[in-house]
Amino acid sequence: MCLIVVGWHAHPDYPLVVAANRDEFRARPASPAHWWIDAPDLLAGRDLEAGGTWMGISRSGRFAALTNYRDPSQRNSGRPSRGALVRAALENSADTLATLDDIARTSANHAGFNLLVSDGRQFGIHESTTGQVRLLDAGIYGLSNHVLDTAWPKVTRARDAFARALDTLPDRGAFLALLRNTTRVPDEELPDTGVGLEWERRLSTEFIDAPAYGTRCSSLLTIDHAGKVCFTEWTWHAGGKLRGELTHRFAIDASHGDECPPP
């Protein structure tokens, strides 16, 4: 993912709400969120090139999602895929802190990343570039291709829109609107991440549509106090045209999940 906004115990009825965009090269093959054949307890999209994922949830209610840390000076060639870390977090049986500590021991083997994990009781993050592992208090958090809650304009803007959208649940329109925002940031407010001015402009929006690269899918995940999970994913063609929409619903610890049309 390249933009994740999370509400952790920020809503009276939904302990976890996640709105996220995955940005990737359009030529890289991927499948929409589904129950994996080789890991039947895991619901996630899948990178068909390296086999990992960017965001997922298990039948037991474990959640994990990852963003890359933008650093053009890093060479990713030969390093293991960061998408494998999300699967590792989802399949780990330890609590959130122990899971993150376990992954942090070898995170230097990967290019820079941020990994969010929840076991349903705790919510935490590991930032590989700072080495930090920490649990997070109740609140709203924004994450892009830097460390947590970096004040990039699109992160601040998305977090504010997310806070307003929480009041509209279970309606999803406001969340999709924030994930589809294509308003560019003024040049004087752009961060300098080493990719050049034109790319800083293109990457400044919540929804990205650039040549050969852009937002491939948008996701909204909610878990209520009864343990009912709703995971909606929209996939996009170049130009922002809708490619597909699906919703998975299941009860945490239920014997099976199913796919159904959104309400």
Side-chain angles (χ1 to χ4, degrees), residues 1-4 18-58 62-92 99 103 106-117 126-129 143-146 179 193-195 199 202-203 205-221 231-246 248 259:
M1 311 301 291
C2 290
L3 177 65
I4 307 175
V18 181
N21 276 342
R22 178 190 182 233
D23 306 327
E24 183 55 89
F25 288 100
R26 302 193 189 280
R28 186 162 182 145
S31 60
H34 64 283
W35 294 100
W36 289 14
I37 294 175
D38 58 327
D41 290 337
L42 195 160
L43 173 63
R46 196 156 200 177
D47 171 23
L48 298 179
E49 185 171 298
T53 186
W54 49 93
M55 171 177 158
I57 187 168
S58 73
R62 291 181 71 92
F63 166 80
L66 179 145
T67 67
N68 297 340
Y69 184 95
R70 190 184 305 154
D71 182 355
S73 69
Q74 282 194 352
R75 295 182 62 86
N76 298 343
S77 178
R79 297 195 184 196
S81 169
R82 289 164 286 195
L85 299 173
V86 177
R87 178 174 182 171
L90 292 171
E91 294 185 324
N92 197 316
T99 298
I103 289 172
T106 59
S107 64
N109 296 335
H110 301 263
F113 68 88
N114 306 289
L115 180 66
L116 293 165
V117 173
H126 169 48
E127 299 165 346
S128 74
T129 54
L143 180 64
S144 186
N145 301 113
H146 204 261
L179 293 171
T193 62
V195 297
W199 271 102
R202 290 170 174 163
L203 300 176
T205 59
E206 289 88 327
F207 189 94
I208 296 170
D209 185 26
Y213 182 87
T215 299
R216 299 277 301 276
C217 71
S218 302
S219 305
L220 178 64
L221 172 72
F231 186 168
T232 298
E233 182 183 84
W234 300 267
T235 53
W236 310 105
H237 288 292
K241 183 178 295 186
L242 182 67
R243 178 179 182 180
E245 177 181 347
L246 58 81
H248 294 272
E259 183 177 314

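Throughout, residue positions are numbered sequentially from 1 according to the sequence presented.
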- Query: Are the side chain of Thr205 and the backbone N or O of Phe207 linked by a donor-acceptor pair below 3.5 Å?
  - Reply: yes
- Query: Do any N or O atoms from the side chain of Asp41 and from the backbone of Ser58 form a donor-acceptor pair under 3.5 angstrom?
  - Reply: no
- Item | Cationic N near anionic O, under 4.0 Å, Asp209 to Arg26 | yes
- Task: Look at the side chain of Trp36 and the backbone N and O of Ala44, then say whether any donor-acceptor pair between them is shorter than 3.5 Å.
- Result: yes
- Query: Counting only N and O atoms by type, is there a donor-acceptor contact under 3.5 Å from the side chain of Arg79 to the main-chain atoms of His110?
  - Reply: yes
- Query: Can any side-chain N or O of Asp47 pair as donor or acceptor with the backbone N or O of Glu49 at less than 3.5 Å?
  - Reply: yes
- Taking atom types as modelled and ignoring hydrogens, do the side chains of His126 and Ser107 form a donor-acceptor contact shorter than 3.5 angstrom? yes
- Can you check whether Tyr69 and Phe113 have ring centres sitting under 6.0 Å from each other? no
- Between Thr67 and Asn145, a side-chain donor and acceptor under 3.5 Å: no
- Does any donor atom in the side chain of Thr99 or Arg62 lie under 3.5 Å from an acceptor atom in the other side chain? yes
- Item | Under 3.5 Å donor-acceptor, Thr215 side chain and Ile208 backbone | yes
- Does Thr235 use its side chain to pair, donor to acceptor, with the backbone of Cys217 at less than 3.5 Å? no
- Message: Whether the side chain of Asn109 engages the backbone of Pro80 through a donor-acceptor N/O pair (distance < 3.5 Å, no angle test) should be reported.
- Response: no
- Task: Return the set of residues passing salt bridge (charged side-chain N to carboxylate O under 4.0 Å, His left out) with Glu24 (not counting sequence neighbours), or none when no residue passes.
- Result: Arg22
- Query: If you take all heavy atoms of Leu90 and Ala64, which pair is closest and at what distance?
  - Reply: CD2-N, 3.6 Å
- Message: Quick one: does any side-chain atom of Arg216 pair with a main-chain N or O of Arg28 as donor and acceptor, under 3.5 Å?
- Response: yes
